[in-house]
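All figures in this text were calculated on a predicted structure; none of them were measured in a lab. Proteins come first, then strands; the chains are lettered A, B, ... in the order of their sequence lines, and each starts at number 1.
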Amino acid sequence: MKFLDFQAEVEETLASACRALGYKDAGADVSLPPNDSYGDLASAVAIRIAKDAGRSPGDLAVEIGAKAMDLARRTKYIGGVSPHKGGFVNFGINRPRFLLDAINGILAGDLGTTREKGEVVAVEHTNVNPNKALHIGHARNLVLGDSLVRVMRYLGQRVQALNYVDDSGAQVADIIVGFKFMGLPDEAPPGAKYDVYCGDNVYSRVTKEYETRPSLKEKQSLVLKEIEKGSGELAEYTRGIVRKILAAQLSTCWRLGATYDLLNWESQLVHSGMWEKIFESLKKMGYVRLQTQGENEGCWVIPDPDTGEEKVVVRSDGTAVYVAKDIPYAAWKIGLIGDPFGYEVYSGEQPGGPLYSTTLSGGKAKVHFGGAELAVSVIDARQSYLQKIVAKVLDKFREGASRRYVHRGYEVVALSKKTASQLGFGIDGEFVHMSGRKGLYVNVDTVLDRLKEKAKAETRRRNLSEAEGWVDEVAEAVAVAALRYELLKQDPDKMIVFDMDDALQFQGDTGPYLVYTYARARRILGKTEGRPRITLESAAKLGKPQEARLAKKMSMLDLAAETAGEFLSPREIAKFAHELAMDFNDFYESVPVNQEPDQDTRDARLALVDAASRVLAEAMRLIGVPVKERI
RNA sequence: GGGCCCGUAGCCUAGCACGGAUCAGGGCAUCAGCCUGCGGAGCUGAGGGUCGCCGGUUCGAAUCCGGCCGGGCCCGCCA
């Protein structure tokens with residue numbers, strides 16, 4: 001990861017040159033040139049100071065460039081400085097030195113991971129109501145959140161991956177109504193996944209029934225009250241159903257490569273007493289007040305952050321509204337309130353480590369959650385307004401607290417007209433929003449199975465003699481790669497219109513392209529008689545532009561990760577991985593490795609391939625795209 | 001009525017935070033090529049663009065500011 005070293009040298013050299021020439025406040029900002037024929041880093045400093053200095057940008061660039069060149073002789077990685085007539089000062093890398101250090105660094109294990117302990121960050125994502133299977137909208141949340149967790153850990157932050165389970169809401173109650181009051185079987189038919197069964201066959205049927213049977217709606221509120229109470233036969237029964245659905249959901253999450261550290265349960269949050277404490281304190285400071293007249297009579301209200309009008313937080317019957325459940329959760333995450341929870345292992349089955357659960361009755365596990373320095377909530381953009389209210393209340397509770405509570409929003413996933421019609425829904429526009437009630441959605445498992453089916457055919461065609469199990473494993477990896485990459489690569493602020501046929505795409509800017517490229521690179525290393533090895537002498541023989549581009553790109557993973565962390569935007573890594581893969585394929589097509597007659601050159605190229613593939617694998621790992629040695 | 005987000009070739013999209021360099025990068029689709037070669041899930045080339053519109057700032061605007069148009073979402077004693 002030597003590019004940042006080069007950049008630091010350039011910045012320092014540039015600043016020194018400007019200082020030496022008397023341009024004190026010139027600054028030393030550098031950027032990547034649009035085209036690498038200009039150089040490897042560029043500065044527009046001459047253009048910026050030209051006016052004040054009363055000189056032409058071109059002349060200044062020559063002057064600064066000459067001074068910088070002089071100073072650059074003492075640096076390790078600056079190979080040349082060239083002024084451009086437009087006013088840019090371009091810096092070139094000392095190729096052999098840079099190639100040698102970058103490659104040897106990576107082969108020695110330096111993939112840019114920060115080792116020092118960073119801040120504690122709580123990242124909340126997935127958060128699917130436990131009454132149905134994950135659909136592709138949930139997958140977007142999961143992929144964004146899980147990738148963020150991975151990137152932050154790479155950056156050294158101590159991350160708590162949280163998954164919030166709303167086990168006491170109306171959606172769960174609906175399922176229970178179906179089982180207890182409509183006589184629907186609470187066992188899934190053989191071969192059916194339990195969460196899929198509940199979503200496809202129970203939930204939608206119950207909500208439909210509500211329209212014609214008002215008495216059923218009363219059963220829902222009865223169930224809700226029982227769940228709220230937390231004890232009794234119905235509450236126990238519900239707990240069992242929720243655990244069963246959650247287990248099925250988690251298997252899908254794990255299939256997608258996401259894992260969690262902790263499950264937070266809404267029911268426990270409600271019974272923890274945290275809200276009461278916060279409520280009392282807000283009352284004392286006069287932020288919440290009891291409305292004694294008008295339409296909100298008998299309710300406790302707070303001011304709307306946008307309009308100043310009043311928002312209800314506690315209903316006239318004394319129960320708290322939805323935001324009021326989010327507030328204590330947020331306060332717990334950033335340590336504004338004492339931790340009321342104990343912890344226990346929920347599942348030891350989770351790949352990659354145990355999954356814990358909060359508990360209000362003791363808890364033996366010696367782990368600690370909450371109290372983070374920063375909390376990131378991955379929640380779709382429709383909840384931006386509510387999240388703003390939460391942040392406002394946190395600020396009232398403690399000055400400046402909202403700076404540590406960040407809503408990472410993203411737009412929803414809708415369905416294309418074509419996909420909707422394949423599901424039996426005729427629509428007017430070009431797309432339609434998903435709806436669990438209407439049964440208008442595409443489940444994650446369905447998409448993965450379709451992708452896998454296609455990947456299997458493709459893999460089998462290329463590997464006629466391989467065992468079925470091996471082909472299956474590869475196809476599964478390709479399917480996950482395709483879906484994760486597809487959902488991550490797009491700007492989170494843009495709605496995704498999902499089309500099943502378009503999603504079955506393995507060529508071009510896709511996850512499978514990355515998987516393929518990595519396997520291709522490893523193939524070279526597997527087939528060779530040579531050894532990856534590079535010296536300053538052989539590094540000098542790697543003079544092709546494709547070699548330089550590949551080496552430069554692979555040494556910039558840490559840069560991409562820093563940006564990804566700073567803007568909570570893991571797709572920076574997806575972009576990086578794709579660019580690296582393109583650079584590798586370009587190299588692959590134009591530079592022979594094992595056919596290279598000169599042994600030193602061949603070994604140096606092998607070292608480059610080895611290093612580049614390791615960086616690609618690390619980038620893929622950061623976005624949860626599976627890595628296979630062969631496909 | 002108030003608030004948030006989006007608008008870049010036939011379609012999808014990068015670049016926008018921090019304004020710069022000759023061709024605004026990719027992908028899909030279309031057309032023309034590249035397998036006795038390290039894997040063709042690849043590569044090369046061609047065609048395809050009023051960066052929604054108008055104005056402002058600037059030496060310089062896809063990028064910053066203002067207005068407008070088009071599209072999506074949110075603003076409940078639902079969750």
TODO: Write down the distance separating the C1' atoms in rA17(B) and rU63(B), rounded off to the nearest Å.
DONE: 10 Å

- [ ] With C1' as the reference atom in both, quote the distance from rC78(B) to rG56(B) in angstrom, rounded to an integer.
- [x] 46 Å

TODO: Find the distance Ile389(A):CD1 to rC4(B):C1' and express it as a whole number of Å.
DONE: 13 Å

- [ ] Using modelled atom types only, decide if a donor and an acceptor are shared between the side chain of His433(A) and the backbone of Val413(A) within a distance under 3.5 Å.
- [x] no

Open item on the list: Any non-hydrogen side-chain atom of Thr517(A) less than 4.5 Å from a side-chain atom of Tyr588(A)?
Closed with: no

- [ ] Anything below 3.5 Å on both distances counts as a pair; with that, list the stems of at least three consecutive Watson-Crick or G-U pairs involving RNA chain B.
- [x] B:1-7 with B:69-75, B:10-13 with B:25-28, B:30-34 with B:42-46, B:52-56 with B:64-68

Open item on the list: Measuring only the P atom in each nucleotide, how far is rC38(B) from rG33(B)? A whole number of Å is fine.
Closed with: 25 Å

- [ ] Can you tell me the distance, in whole Å, between the CG atom of Asp493(A) and the P atom of rU13(B)?
- [x] 13 Å

- [ ] In whole angstrom, give me the gap between the P atoms of rC59(B) and rG19(B).
- [x] 15 Å

Task: Which atom of Val81(A) lies closest to which atom of Val89(A), heavy atoms considered - done: CG1-CG1, 3.6 Å

- [ ] Could you tell me whether the side chain of Ile524(A) reaches within less than 4.5 Å of the side chain of Asn594(A), counting heavy atoms only?
- [x] yes

Open item on the list: With rounding to the closest Å, how many angstrom separate the C1' atoms on rC69(B) and rA29(B)?
Closed with: 30 Å

- [ ] Answer with yes or no whether the side chains of Tyr210(A) and Asp174(A) bring together a donor and an acceptor at under 3.5 Å.
- [x] yes

Open item on the list: Between rA9(B) and rC4(B), how many Å separate the two P atoms, rounded to a whole number?
Closed with: 26 Å

Open item on the list: Can you tell me how the ring of His84(A) sits relative to the ring of Phe88(A), calling it parallel under 30°, perpendicular over 60° and tilted otherwise?
Closed with: perpendicular

- [ ] For the pair Arg520(A) and Glu589(A), find out whether any cationic side-chain nitrogen is under 4.0 Å from an anionic carboxylate oxygen.
- [x] yes

TODO: Indicate yes or no: at least one non-hydrogen side-chain atom of Pro570(A) is less than 4.5 angstrom from one of Leu144(A).
DONE: yes

Open item on the list: Each nucleotide in nucleotides 74-79 of chain B should get exactly one letter: B, S or -. Can you fill that in based on protein heavy atoms under 4.0 Å?
Closed with: SSSBSB

Task: Rounded P spacing from rU44(B) to rU50(B) in Å - done: 26 Å

Open item on the list: Students often get this wrong, so: under 4.0 angstrom with heavy atoms, is Ile631(A) touching a base, only sugar-phosphate, or nothing?
Closed with: base

Task: Phosphate-side-chain proximity, Tyr410(A) and rC4(B), N/O vs OP1/OP2 below 4.0 Å - done: no

- [ ] Please state how far atom CG in Asp428(A) lies from atom P in rG72(B), giving the value in whole angstrom units.
- [x] 12 Å

- [ ] Using a 4.0 Å heavy-atom cut-off across all strands, classify Val591(A) as base, sugar-phosphate, or nothing.
- [x] base

Task: rG39(B) phosphate, OP1 or OP2, under 4.0 Å from Arg520(A) side-chain N/O - done: no

Task: Spacing of Glu629(A) atom CD relative to rG39(B) atom C1', expressed in whole Å - done: 15 Å

Open item on the list: So Val609(A), base contact, sugar-phosphate only, or nothing? Heavy-atom distance under 4.0 Å.
Closed with: nothing

Task: pair Glu486(A)-Gln505(A): side-chain heavy atoms closer than 4.5 Å - done: no

Open item on the list: Within the 4.0 Å heavy-atom criterion, would you say Lys85(A) contacts the bases, only the backbone, or no part of the nucleic acid?
Closed with: nothing

Task: Glu589(A) CD - rC35(B) P separation (whole Å) - done: 12 Å

Open item on the list: Could you tell me how far rU22(B) sits from rG60(B) if I compare only their C1' atoms? Round to whole Å.
Closed with: 16 Å

TODO: Based on the glycosidic angle (syn within 90° of 0, else anti), state the conformation of rC12(B).
DONE: anti

TODO: Would you mind reading off the distance between Glu309(A) atom CD and rG2(B) atom C1', rounded to a whole angstrom?
DONE: 8 Å

Open item on the list: Heavy-atom nearest nucleotide on RNA chain B for Gln490(A) versus Val593(A): which residue maps closer to 5'?
Closed with: Gln490(A)

- [ ] Using a 4.0 Å cut-off on protein heavy atoms (strictly under), produce a 5'-to-3' string for nucleotides 16-29 of chain B with B for base contact, S for backbone-only sugar-phosphate contact, and - for none.
- [x] -B--BBBB--SSS-

Open item on the list: Quick one about Gln387(A) and Tyr405(A) (side-chain donor to acceptor, distance below 3.5 Å, no hydrogens or angles considered), yes or no?
Closed with: yes

Open item on the list: Heavy atoms only, 4.0 Å cut-off, all strands: where does Asp306(A) land among base, sugar-phosphate and nothing?
Closed with: sugar-phosphate

TODO: Can you label the angle between the Trp300(A) ring and the Phe279(A) ring as parallel, tilted or perpendicular, going by 30° and 60°?
DONE: perpendicular

Task: For atom CG of Leu514(A) and atom P of rG42(B), their distance in whole Å - done: 11 Å

Open item on the list: Over all strands shown, is Arg571(A) touching base, sugar-phosphate only, or nothing at heavy-atom distances under 4.0 angstrom?
Closed with: sugar-phosphate

Open item on the list: Check this one for me: any side-chain N or O of His433(A) less than 4.0 Å away from OP1 or OP2 of rG72(B)?
Closed with: no

Open item on the list: Minimum heavy-atom separation for Gly409(A) and Pro492(A), please, with both atom names.
Closed with: O-CB, 4.1 Å

- [ ] Give a yes/no answer on whether the side chain of Gln595(A) brings an N or O atom under 4.0 Å of OP1 or OP2 in rC38(B).
- [x] yes

Open item on the list: I'd like to know if the side chain of Asn127(A) pairs up with that of Glu124(A) as donor and acceptor (distance under 3.5 Å, no hydrogens or angles considered).
Closed with: yes

Open item on the list: Just to be sure I understand the rule, does Thr459(A) reach a base, reach only the sugar-phosphate, or reach nothing, if contact means heavy atoms closer than 4.0 Å?
Closed with: base

Open item on the list: In this structure, how many angstroms lie between the C1' atom of rC35(B) and the CZ atom of Arg523(A), rounded?
Closed with: 16 Å

Open item on the list: Closer than 3.5 angstrom, by distance alone: can the side chain of Asp36(A) be matched with the main-chain N or O of Arg549(A) as a donor-acceptor pair?
Closed with: no

